[in-house]
Each structure stands twice: as structure tokens, then as C-alpha cells.
Amino acid sequence: MHIAKKTPEEARNTAMTDKTAQDHVLIFDTTLRDGEQSPGATMSHDEKLEIAGLLDEMGVDIIEAGFPIASEGDFAAVSEIARNSRNSVICGLARANFADIDRCWEAVKHAAKPRIHTFIGTSPLHRDITALDQEGMIEKIAATVAHARNLCDNVQWSPMDATRTEHDYLCRVVETAIKNGATTINIPDTVGYTAPRESADLIRMLLERVPGADEIVFATHCHNDLGMATANSLAAVEAGARQIECTINGLGERAGNTALEEVVMAMRVRNDIMPYRTGIDTTKIMHLSRRVSQVSGFAVQYNKAVVGKNAFLHESGIHQDGVLKNVQTFEIMRPEDIGLTAKNIAMGKHSGRAALRAKMAELGYDLGDNQLKDVFVRFKALADRKKEVYDDDLVALMADASASGDEHLQVKKLRVVCGTEGPQEAELTMSVGGEEKFVDASGDGPVDACFNAVKMLYPHNAKLDLYQVSAVTEGTDAQATVSVRISRDGTVYTGQSADTDTVVASVKAYVNALNRMHAGQGRANNSALQTSAAG
Ligand code: KIV
Ligand code: ZN
């Protein structure tokens, strides 16, 4: 095959997009691919488009939008994200075979700046799985990278499980990929096994030993199995990597991937010792964190670095006193740096439409007139039940996916009888395809009784995989957000809802998941991807 030879600088510029400065670290977000690959973190087509739009707006350099050959749904999402792309490079994942790569190109080619990311497992364990010896694998890498490069100018190649691949062999495979046209070489710590010093040494070793290494960008892709993903990514950057692969909230397989908010804020707050820049508008972080948590159904742990609910809370007297005297005593970053509104002003039933619109804009929601009308009605209903409506209540209100009003199943009326003597009973009126139906059911607890009632009115064989409740704010009148995950025939559907009544939120979340199942808005569980790497 013939590759038009680029000068080292040109090749590196392709990978670096238009950022050539040596201190610029590219942010490659894989929330929609590696993040969504974590079992159960399914997102609908529209949610993926929304998240991609927000990532683009935040200044993410490269968005890995999905794995186009995995399903028709993935293909459609990557294609549309590519078509709608503005500034970010849009990347799709492909295993090391022509069919994957062609399908990937068909999806990403619509982007102003497309990228194909192809990979193969190179460690001894993976070579065993693919039944390829070292030479056979080299041939496959040469052929597939060259094929990708014939389609697209911007090709990323990854030796999966790089951190457990023999160094000599790793140098050979990386050299092969570069020679055949890869413009970015990503070094994945697929199983979260490496440690910071080793992560840095590996990048340094590759930069020193591999011919042509200075013509491409090295990326680092870390998993968090031992809690070292952020440290490992930053260590790789110090050694010369110039692209960090990460996800919002650290979403991802098993213990997740490197968290975008952590690496970006670490380089910003400790720029004195990590003098690197990113193009990220950090004030957009909080809104993205909340949206990804809502649409994936994966709650953010309270003490999560940067975006956890408690990250800026000062409860103890000593801390409060210190913060009041000088905010820097216990705060190394300002809440507003990540887009947390400085004033968590409570809204109430007397707040008007303009105030709600302004507050929502502050929280990252740009409401059109029709949407504002609908949200205002729901805000008033909430304010009637709850004395003070806080920022988190408004965010939950926006996430209440059960509220659109034109779904196949709609909860009309619910009455639950509870007592110390079971069983509990639920009387449910629900509209099923426009027809109102009533049923009386019992169960082991109020939620079980309600779910049984739903099943009686809408018989189905979906399995309940996850039921999760969290309080949005404090107090007995707090709203609860409920996430439900169901599956049928290998396809997963999620639902969310929020209400001051936990049981009502539970039923609405369940019904929301069933509506998605009815509409075919599920996602095949493709977490088997990593072991079937050679395709
Ligand atoms: O963790 C990993 O190795 C991956 C590759 C597909 C890059 O996600
Ligand atoms: Zn990964």
C-alpha cells in the first residue's frame, strides 16, 4: 500500500489536530464507547447525541462516539454524532479486521474531522486467545492499520493490554503501526494493572526505542482497577504522552476509566508541577457529570474527587471556620471553576418563570419557550410539595424522564397501603397504549407491590437487574431519584424518575424503562468486546 509521506511535523499535527504546542494535552473522551460498555450503562440514541454535543461544547479534542460494528444502534449514533460534529474529532472503534474498519469509516466519515481507532490485544494472553503468533500478529497489524489509513488520514492504533506485553514485542508492534500510517499510538492499561512510575517508564521507553515515535502522538488509556488511573495517566503525560483517554465520572468497564474531571483539574490546579494545558472549559464539567450520571443510571459516589456531592462541603466546625476566614484554607479549587453555581439559592413557589429560566441556564440547561412552559408546571407542582427547591432538585426535575406525557405506559393514579403486617398493597391506574386500566396487587413491601401491579397491567418477561434509590437533598421532604435497569433477551433498558415520594419515583422509573423497551430503545450488552478483540 502507498501512504503519502508526511513530514514528521505534519504527521504529528494530524494527530494533534490543530494544537501543536508541546504543552498541550489532548483530551480524548470515551464516555460514549468505553463508558457505555460498562454493563448496564446504556444510553438512548438521543442521549448519546446530547452528551456528544456537550462534550464538543466543553472543548474535548476527540470524542470516541462508539463501536459502529457492534450494533445498528451504535452505527446510527456514531454516524449522527459525526454529522452534527462541530469542533471535536469524531472517532469510532474497530477491531483488527477489514469489516470492522470499513463499518467504522462508514460512520465517522461524515465528520469534519474523522478518526478511525483500531486495536488488537498484543499481550501473551491475548495472542493465545486470537491464536496468532508474534509474526502473524505483526502481519495483521500492518494490513489493518494500512487499510484504515487508506480510508482516513487520522488513524489511532492501540495494542490492547500493552502494560502486560513484552517490551521488545511492544516496540515492534508500535513500530509496525507507525510505519503503516498510524498517527496516534494509544497505550492501554486494559486491566488497570500498572502503577505511576511504570506507566511513565513505558512511554519513555517507547519514545526512546521506537523509530518514528517522534512523528506521532502517544496516548494513555488507563483503567481504575487499583484506583491508580488518574495517577497513571498524569505520569504518562510527564513522560511524553500528549493525549489522555478518559470518561466523565470515570464511567467504564469494571472500576472504570480515568476520570476526565480529575486529570483536567489536576493539571489546572497543580500547573506549577504539571505545566500542561487542555482546551477544556472546566465550568462545563458539573453539568456533564450530572447528565452522564442521569442518562447512564450510574450515580456519582458522594466523596468522588471533583464532582462528588461532598467535594465542596465543609461540615466540621474547624473547616467551616477556616473556609469563612479564608476560602483557600480548605479549598484548592473554587466550586465555580467546575460550574457549581456559587449561590445554591433555594427557589420557592413564588419564583417566576424568568427566575426559573435564569437558574436553569446557570445549571447548564438552555430552555426553549415550550420546554420552559413544561418545566415551569412541574417546578410549581414540586414547590407546592417541597418548601425549598434547591439546585439538585431542579437537576432531578430535568432528569425525570417519565414526564414527557406521550409514552405507551403512563401512571395515572397510585395508592399504596403499608403497615407493619404485610403484605403491602398497591392500587394502580395506568394507561396502556391509551386505554386506562386498573389493578389491585400485593407484594413484599410497597415497591414490590407496585411493580407487581405494573406487571399485571403490562405483562412482560423482562428481568429487573438494578433498582437504585438516592436522595437528592436532605430532609424528609427531599426528592428521591430512582434508577431502574431491566433486560430482555440480552438487551438492556434503563429508566429514571424523581419524586418527593420514593414509591411513586420507583414506579415511574420502572415504567420509564418499560416504555423504552416498548419503543425498542435498548442496547445489546456488548461488554464481551474486550475478549473478542481480533474479530
Ligand atoms: O481498555 C482497552 O484496552 C480499550 C481498547 C479498546 C483501547 O478500551
Ligand atoms: Zn478501555
Salt-bridged, [X] to [Y], with N to O below 4.0 Å?
X	Y	value
Lys48	Asp46	no
Lys304	Glu261	yes
Glu106	Lys109	yes
Asp153	Arg115	no
Glu208	Arg204	no

Return yes if a side-chain donor-acceptor contact under 3.5 Å exists between [X] and [Y], otherwise no.
X	Y	result
Gln294	Arg290	no
Ser158	Asn186	yes
Thr30	Thr247	no
Thr283	Asp281	yes
Ser233	Thr258	yes
Asp189	Thr194	no
His221	Asp34	yes
Gln156	Glu245	yes
His110	Glu80	no
Arg268	Thr282	yes

Using only atom types and a distance under 3.5 Å, with no angle test, would you say the side chain of [X] pairs donor to acceptor with the backbone of [Y]?
X	Y	answer
Ser293	Ser289	no
Ser71	Asp74	yes
Tyr276	Asn271	no
Arg149	Gly181	yes
Thr176	Arg172	yes

At their closest point, which heavy atom of [X] faces which heavy atom of [Y], and how far apart are they?
X	Y	result
Val108	Cys91	CG1-C, 3.8 Å
Ala162	Leu202	O-CD2, 4.5 Å
Pro114	Ala111	CD-O, 3.6 Å
Ile116	Cys152	CD1-CB, 3.7 Å

Hey, are the side chains of [X] and [Y] touching, using non-hydrogen atoms and a 4.5 Å cut-off?
X	Y	value
Asn249	Leu288	no
Tyr193	Asp161	no
Ile81	Leu49	yes
Thr190	Thr163	no
Val237	Met274	no
Ile63	Asp56	yes
Arg103	Phe75	yes

With rounding to the nearest 0.5 angstrom, report the [atom1] to [atom2] distance, [X] to [Y].
X	Y	atom1	atom2	result
Leu234	Cys222	CG	SG	9.0 Å
Cys104	Leu151	SG	CG	9.5 Å
Gln468	Gln496	CD	CD	10.0 Å
Asp225	Met228	CG	CE	9.5 Å
Ser487	Asp465	OG	CG	3.5 Å

For Pro124, what residues pass the side chain to side chain contact (heavy atoms under 4.5 Å, CB included) criterion, not counting sequence neighbours?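 Pro124 satisfies side chain to side chain contact (heavy atoms under 4.5 Å, CB included) with Arg127, Glu166 once adjacent residues are dropped.
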Tell me, please, whether Phe119 has Arg95 positioned over its six-membered ring: NZ or CZ under 6.0 Å from the ring centre and within 45 degrees of its axis?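 Output no; distance or angle outside limits.
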Going by the angle between their ring planes, with limits at 30° and 60°, are His117 and Phe28 parallel, tilted or perpendicular?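 If you compare the ring of His117 with that of Phe28, the planes turn out perpendicular.
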side-chain contact (heavy atoms from CB on, under 4.5 Å), paired with Ile280, selected from Val25, Ile27, Asp61, Asp29: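 With Ile280 as partner, side-chain contact (heavy atoms from CB on, under 4.5 Å) holds for just one option, Ile27.
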Quick check: are there more than 12 heavy atoms from other residues, nucleotides or ligands sitting under 6.0 Å from CZ of Arg197? no
Could you give me the CA-CA distance, side-chain angles and deciding distance for Glu47 and Arg516, then say whether salt bridge (charged side-chain N to carboxylate O under 4.0 Å, His left out) is met? CA-CA 13 Å; Glu47 288 164 348; Arg516 287 186 170 188; 2.6 Å; yes
Residue list, ring-ring contact (aromatic ring centres under 6.0 Å, His included) with Tyr365, at least two apart or on another chain: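 Once residues adjacent in sequence are excluded, the partners of Tyr365 under the ring-ring contact (aromatic ring centres under 6.0 Å, His included) criterion are His287.
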